[in-house]
Number of protein chains: 2
Amino acid sequence: MADKTIIRVLIADDHNVVREGIAGFLRAFDDFSLIGEASNGKEAVMLVAELKPDVVLMDLVMPIMDGVAATQAIRQAHPTTQVIILTSFHDEDSVQKGLQAGAIGYLLKNASIHDMANAIRAAHQGKATLAPEAAQALISARIRPPAPNFNLKDREIEVLTLMVKGMNNPDIAEHLSLSRSTIKFYVSSILSKLNVETRTEAVAIAIDQGLVSRE
Amino acid sequence: MADKTIIRVLIADDHNVVREGIAGFLRAFDDFSLIGEASNGKEAVMLVAELKPDVVLMDLVMPIMDGVAATQAIRQAHPTTQVIILTSFHDEDSVQKGLQAGAIGYLLKNASIHDMANAIRAAHQGKATLAPEAAQALISARIRPPAPNFNLKDREIEVLTLMVKGMNNPDIAEHLSLSRSTIKFYVSSILSKLNVETRTEAVAIAIDQGLVSRE
DNA sequence: CCACGCACTAGCCAAGTGGCTAATCCATAT
DNA sequence: ATATGGATTAGCCACTTGGCTAGTGCGTGG
């Protein structure tokens, strides 16, 4: 990829050594230009406003203002500046929050020089890069714990589905060609299995746990 | 990475040429062994049961049984067999469904030989690999359109939050040190703003849209 | 044949729900 | 001071909800 455009990079990390290391690595490439360094989130936000970098390498854990807040602020104020989270944590929550804040990449500090360079170039083109660990976190976050079925029988799930849609017992009865009494019976059974007292709670759990889907 | 263990791979794709191509590429590496080919999902499931491959390269669009269904069946019956989706589609929905079905990787068919090999090795170790486009799809899926607020006022959100927790009007009244009448007033207002008729529906929407979070 | 369990139905009752109307208190705008 | 509007409260009424008790058919196994 012979892209001769120089990518202007800013580093935000509260550890001198880390900034030093990254700065050194950036200097090894002729398509990167390190234009600024911030030692906390607030500083990063201000420097971005001033220098308008193409890409920010953002640590998550920093004093004064953390990386998530800074990312959010930057992405909001300067949508053309891409943020790559560069951290040593790869718990689900961090990945989640970082990307939610608007980061386009999530790398671990043990990433190879090669990976980091590619991630920066990808980010500059608006393409995402996730470390395998981060991808894993995203995936496993999405793949809910294997649907705690609550031992609901088919009919009960059928009724619960209609409850979630907001139907009341008479409506459900008609929809399933059953009597209201029967529906009440099933609803009671569902409530007891979900260990709640009202249909509203049952619906809340059903949606929350992905037991059934709306519409 | 001096792993001398041979990774047993199975291909599932309905196009001969594609299978041919992948087979050729696999032969170029001495740590891969192509142990079977399937031309549809059903065949893939059966072959997996018989051959117990380490990794399956799975196309999504196939006759008889599609890749998602096959992935689901395979992951359920043989958790040790990892599935990598290998397709030309990278719309959000496909990525979503593929990973939901239990795939550990999602690659596009234009991936480089190098990427593909790495993805297979990663999958074998239980590590995820996502093509940038797939990562992008996951991320943008996660970044919901900025929560349609429904113009709920603070008090209303407060009440809605308690409704979501399953509290009834008297409970909410006590909890907020207001009268039942007032709570009823707010509930009515919420129902009207959410354009629904029952609190159950309101709670369903609230959870579904992430208006408020449970507990 | 009969007991047993399962799916389904009826009806009663206390409590909760939601639409309505009306009223009070209070701060700000006129 | 007067009016306008937001927040709060009361009370009425028809309807829904959920717990309970008490059934009725129906198929399976003994």
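Letters go in sequence order (proteins before strands), and every chain restarts at 1. Computation of the quantities below employed the complete heavy-atom set of this structure, encompassing side-chain atoms and omitting hydrogens, waters and symmetry-equivalent molecules. Here the structure is a predicted model, which is why all the values come from computation and not from measurement.
When all heavy atoms of B:Leu107 and B:Ala119 are compared, the pair lying nearest together is CD1-CB, 3.5 Å.
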5' to 3', nucleotides 15-22 of chain C under a 4.0 Å protein heavy-atom cut-off (B base, S sugar-phosphate only, - none) gives -SSBB---

What string of B, S and - do you get for nucleotides 23-29 of chain C 5' to 3' if you count protein non-hydrogen atoms under 4.0 Å?
-> -------

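Atom CG of B:Asn151 and atom P of D:dG6 are 14 Å apart (whole Å). The separation between A:Ile172 atom CD1 and D:dC15 atom P is 19 Å, rounded to whole Å. What separates CG of A:Leu178 from C1' of C:dC6 is a distance of 14 Å, to the nearest Å. The separation between A:Glu201 atom CD and D:dT17 atom C1' is 13 Å, rounded to whole Å. Whole-Å rounding puts the A:Ile183 CD1 to D:dT16 C1' distance at 14 Å.
Within the 4.5 Å cutoff, the side chain of A:Glu133 has no heavy atoms near those of the A:Tyr106 side chain.
Judged as a side-chain hydrogen bond (donor to acceptor under 3.5 Å, both in side chains), and not counting sequence neighbours, the contacts of A:Thr182 are A:Ser179. Here B:His175 pairs with B:Leu162, B:Met167 under the side-chain contact (heavy atoms from CB on, under 4.5 Å) rule; sequence neighbours left out. Judged as a side-chain hydrogen bond (donor to acceptor under 3.5 Å, both in side chains), and not counting sequence neighbours, the contacts of A:Asn169 are A:Arg199. Under the side-chain hydrogen bond (donor to acceptor under 3.5 Å, both in side chains) criterion, A:Glu37 pairs with A:Arg19, sequence neighbours left out.
For D:dG6, neither phosphate oxygen OP1 nor OP2 lies less than 4.0 angstrom from any side-chain nitrogen or oxygen of B:Lys153.
To the nearest 0.5 angstrom, B:Leu211 atom CG is 9.0 Å from B:Thr161 atom OG1. For the atom pair CD1 (B:Ile205) and OG1 (B:Thr200), the distance works out to 11.5 Å, reported to the nearest 0.5 Å.
Taking the side chain of B:Ser181 as heavy atoms from C-beta on, and the options C:dA10, C:dA7, D:dA10, the nearest nucleotide is D:dA10.
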